[in-house]
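Structure first, commentary second.
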Amino acid sequence: FDMLKDGILLSKLINDSVPGSVDERALNYPKTRPLNYFMMLENQNLVLNSCVAIGCRIVNIRPEDMVDGIKQAQLNVVWQVIRAGLMANINLKSHPGLKLLLNEGETVAKLMASTPEDLLVRWVNFHLRRVCDHKQIKNFYKDIQDGEAYTYLLTALAPQDTDLLPLRETDLEDRMEILLEYAENLDVLNFVTARDIIKGNIKLNTAFVAQLFNAFPSIEVEDQEDQLDDFDDMQYCEQTELFFEETREEKSFRHWLNSLNFTPYVSYLYEDLRDGHLLLQVFDVLKPGMVNEDEINVPPFKPVQQIYKSVENCNYCITLGSELGFKLVGIEGHNIYEGSKLLLSLLWQMMRFYTLSLMKYGDTDKELTETEVIDWCNKKLSEDQTKNGRSVFKNFRDPSLTNSQAMLDLIDIIQPGSIGYDMVFSGNSPEDKLENARYCLTMARKIGATVFALPEDIVEGNHKMIGLVFARLMNVGANL
């Protein structure tokens, strides 16, 4: 636990799980003497904000908890980062053959909204059906404690290298040791011990099964034509698109929603939001008290009521958005229910409203406007004598912002001396811009800004995400 206190190991773990998430140039490293408390806090600020940016749920965990060695906080963060890496490829984009796990009458969109843990349970049962007719599981604790499911699973995945010998052992611990030896011989990294299986440690068993899946998915479809079968049932997806690959924009929205810590966890926007219930919870965060609880239909719904109650919720969302001044021309409740990409317009305006509302303007309750964010940033950039106003910009569409210089300067003004300008690339090549953007976003998280933009958003001049980064920086700078 002491090794986790300075945040360096955790940052490297984040990069191992989701490569490129943390630019290690931004980390405070010990030189002639150990890091002081403040420098470790900065690193942990970066760790926690990076965790949120990759979709982890950080609830009531402060940088101080991590530096002080609060074990429960440290273990929570470590597990979520490991989980993010293990589950990264358990999806239909990486493994189209997962469509074979569809239940009767279930749509592909519904399957795509399943959590990785649910997909793993289905995957285990799929393979169990191949080798035995009496064993199925519902979880990774009680249902695997006797080792029977694992024994059959290994024989299904690697029949030439495993067998049913473990089941002949009446001593459970001996049985598990044989199972784990088989897994080790298959080069599967073991997160679990024999005792962990017997006790039903859900996290370690989930990690073990995820490792098995990543090593031996054994669920690939035979050809491209077969991959496209059964996708006609995506009734509420635009007919010309398969939503396999999540766009950067969709990923940013999903991670932002999950940072609000609502239940359920959002795995697939177009399915998880289609009943409108979670969106209504978000509106109540945007402006507390604006949502009338009497007008909310709370799922689950009876099949005959599914469409009516869901669309009713979604229509209420459109009404609330209009009350907040959102531009929602051409968007109706049924569009959200049917999984139209018009949903992204609503989500963008919700995310923007939330970000700007984090800080009020002056002594009033008036929310910030983009113009006020631009004016505040430019005032800071102009007043700093060391910068000489070199990175003042016109608006969030200004092409000069794509090299990240204005953001880097603003971060250095908010926290003087924080930017290592000797590590900033001076060129304007796409590669230099990308490195600067990666460093910039990492430094923004280090000084306390929770940003969901990706480096590519900055380099490509995505004015929406660029604006949100500046708003988050203003929120940090104005509160110092």
**Request:** Please assess Ile419 against Asp409 for the test side chain to side chain contact (heavy atoms under 4.5 Å, CB included), listing each intermediate value before the final yes or no.
**Result:** CA-CA 8 Å; Ile419 296 297; Asp409 283 350; over 6 Å; no

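- Residues Leu257 and Leu273 meet the side-chain proximity criterion, which asks for heavy atoms closer than 4.5 Å.
- Not a single donor-acceptor pair under 3.5 Å links the side chain of Asp457 to the backbone N or O of Asn462.
- To the nearest 0.5 angstrom, Ile137 atom CD1 is 7.0 Å from Asn139 atom CG.
- Considering all non-hydrogen atoms of both residues, Gly200 and Asn205 come closest at C-ND2, 3.9 Å.
- Between Ala406 and Phe470, the shortest heavy-atom distance links the atoms CB-CZ, 4.1 Å.
- Here the straight-line distance linking atom CG of Asn335 with atom CD1 of Ile318 works out to 7.5 Å at 0.5 Å rounding.
- Checked by atom type and distance alone, the side chain of Asn214 pairs as donor or acceptor with a backbone atom of Ala210 at under 3.5 Å.
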**Item:** Check against side chain to side chain contact (heavy atoms under 4.5 Å, CB included), Val77 and Cys56
**Value:** CA-CA 8 Å; Val77 171; Cys56 298; over 6 Å; no

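- With His255 contributing its side chain and Ala53 its backbone, the two residues share a donor-acceptor pair below 3.5 Å.
- Counting only heavy atoms from C-beta outward, the side chains of Ser357 and Leu286 never approach each other to under 4.5 Å.
- No salt bridge links Glu323 with Lys287; every basic N to acidic carboxylate O contact stays at or beyond 4.0 Å.
- Contact check for Cys377 versus Leu473: no side-chain heavy atoms found under the 4.5 Å cut-off.
- You'll find the side chain of Thr355 stays beyond 4.5 Å of the side chain of Asn475, heavy atoms only.
- Ionic pairing of Lys341 and Glu249 is not present here: no N-O contact between side-chain nitrogen and carboxylate oxygen is shorter than 4.0 angstrom.
- Of all the heavy atoms in Ala453 and Arg445, the pair that sits closest is O-NH2, 3.3 Å.
- Heavy atoms of other residues, nucleotides or ligands lying less than 6.0 angstrom from OH of Tyr141 number 12 at most.
- Counting non-hydrogen atoms of neighbouring residues, nucleotides and ligands closer than 6.0 angstrom, the NZ atom of Lys380 reaches no more than 12 such neighbours.
- Atom CG of Asn103 is surrounded by more than 12 heavy atoms from other residues, nucleotides or ligands within 6.0 Å.
- Taking the six-membered ring where tryptophan is involved, the planes of Phe213 and Trp123 are perpendicular, since the angle between them exceeds 60° and thus also 30°.
- Between Met87 atom CE and Ser267 atom OG the span is 11.0 Å, to the nearest 0.5 Å.
- Proximity of Phe301 to Asn313: side-chain heavy atoms (C-beta onward) are separated by under 4.5 Å at one or more points.
- Considering every non-hydrogen atom in both Leu153 and Leu128, the closest pair reads N-CD2, 3.8 Å.
- Look at Arg438 and Glu435 and you find a salt bridge, because one of the NZ, NE, NH1 or NH2 atoms lies within 4.0 Å of a carboxylate O, short of that distance.
- In terms of modelled atom types and a separation under 3.5 Å, the side chain of Asp275 and the main chain of Ser310 share no donor-acceptor contact.
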**Prompt:** Going through the checks in order, is the side-chain hydrogen bond (donor to acceptor under 3.5 Å, both in side chains) test met by Asn297 and Tyr308?
**Reply:** CA-CA 10 Å; Asn297 297 320; Tyr308 171 75; over 6 Å; no

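- Here the CG-CE distance, from Leu408 to Met443, works out to 8.5 Å after rounding to the nearest 0.5 Å.
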**Request:** Begin with the C-alpha distance, continue with both residues' side-chain angles, and end with the deciding distance and a verdict on side-chain hydrogen bond (donor to acceptor under 3.5 Å, both in side chains) for Gln136 and Arg129.
**Result:** CA-CA 8 Å; Gln136 294 282 275; Arg129 285 192 293 271; 2.9 Å; yes

**Request:** Decide yes or no on side chain to side chain contact (heavy atoms under 4.5 Å, CB included) for Asp196 and Phe208, but give the supporting numbers first.
**Result:** CA-CA 11 Å; Asp196 294 326; Phe208 177 59; over 6 Å; no

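- Of the possible donor and acceptor atoms, none in the side chain of Arg274 sits under 3.5 Å from a partner among the backbone N and O of Gly339.
- Counting only distance, with no hydrogens or angles, the side chain of Asp272 and the backbone of Tyr268 share a donor-acceptor pair below 3.5 Å.
- Across every non-hydrogen atom of Val266 and Asn258, the tightest pair is N-OD1, 2.8 Å.
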**Request:** Using the ring pair (Phe, Tyr, Trp, His ring centres under 6.0 Å) rule, take Tyr316 and Phe283 through it: C-alpha gap first, then chi angles, then the decisive distance, then the call.
**Result:** CA-CA 10 Å; Tyr316 190 25; Phe283 271 110; 8.3 Å; no

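- Taking 4.5 Å as the limit, some side-chain heavy atom of Leu279 sits within range of a side-chain heavy atom of Met350.
- The distance from the SG atom of Cys132 to the NE2 atom of His127 is 12.5 Å, given to the nearest 0.5 Å.
- One N or O on the side chain of Ser114 and one on the backbone of Leu111 form a donor-acceptor pair closer than 3.5 Å.
- The shortest distance between side-chain heavy atoms of Leu441 and Pro455 falls below 4.5 Å.
- Around NZ of Lys135, the count of heavy atoms belonging to other residues, nucleotides or ligands within 6.0 Å exceeds 12.
- Counting heavy-atom neighbours within 6.0 Å of Arg397 CZ, excluding the residue itself, gives a total of 12 or less.
- Applying ring pair (Phe, Tyr, Trp, His ring centres under 6.0 Å) to Trp256 and the options Phe353, Phe262, Tyr354 leaves one that passes, Tyr354.
- In this structure, the side chain of Asn436 does not engage the main chain of Cys440 through any donor-acceptor pair within 3.5 Å.
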**Request:** Check the pair Leu10 / Val81 against side chain to side chain contact (heavy atoms under 4.5 Å, CB included), numbers first and verdict last.
**Result:** CA-CA 9 Å; Leu10 284 171; Val81 174; 5.7 Å; no

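- Of the possible polar contacts, none joining the Asn428 side chain to the Asn403 backbone as a donor-acceptor pair under 3.5 Å is found.
- Under the side-chain contact (heavy atoms from CB on, under 4.5 Å) test applied with Val22, the options Asn43, Asn49, Leu46, Ile54 reduce to a single match, Leu46.
- With rounding to the nearest 0.5 angstrom, the CG atom of Leu344 is 8.5 Å from the NZ atom of Lys464.
- Considering all non-hydrogen atoms of both residues, Ile90 and Leu98 come closest at C-CD1, 4.3 Å.
- For the pair Lys446 and Ser418, the minimum side-chain heavy-atom distance is 4.5 Å or more.
- For CG of Leu260, the number of neighbouring non-hydrogen atoms (other residues, nucleotides, ligands) closer than 6.0 Å is greater than 12.
- Of the possible polar contacts, none joining the Glu370 side chain to the Leu356 backbone as a donor-acceptor pair under 3.5 Å is found.
- Taking a cutoff of 4.0 Å between a charged side-chain nitrogen and a carboxylate oxygen, Asp118 and Arg122 qualify as a salt bridge.
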**Item:** Tyr152 and His134: CA distance, side-chain angles, deciding distance, ring pair (Phe, Tyr, Trp, His ring centres under 6.0 Å) verdict
**Value:** CA-CA 11 Å; Tyr152 284 115; His134 67 278; 5.6 Å; yes

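- The existence of a salt bridge linking Glu246 and Lys93 is excluded, since no basic side-chain nitrogen approaches an acidic carboxylate oxygen closer than 4.0 Å.
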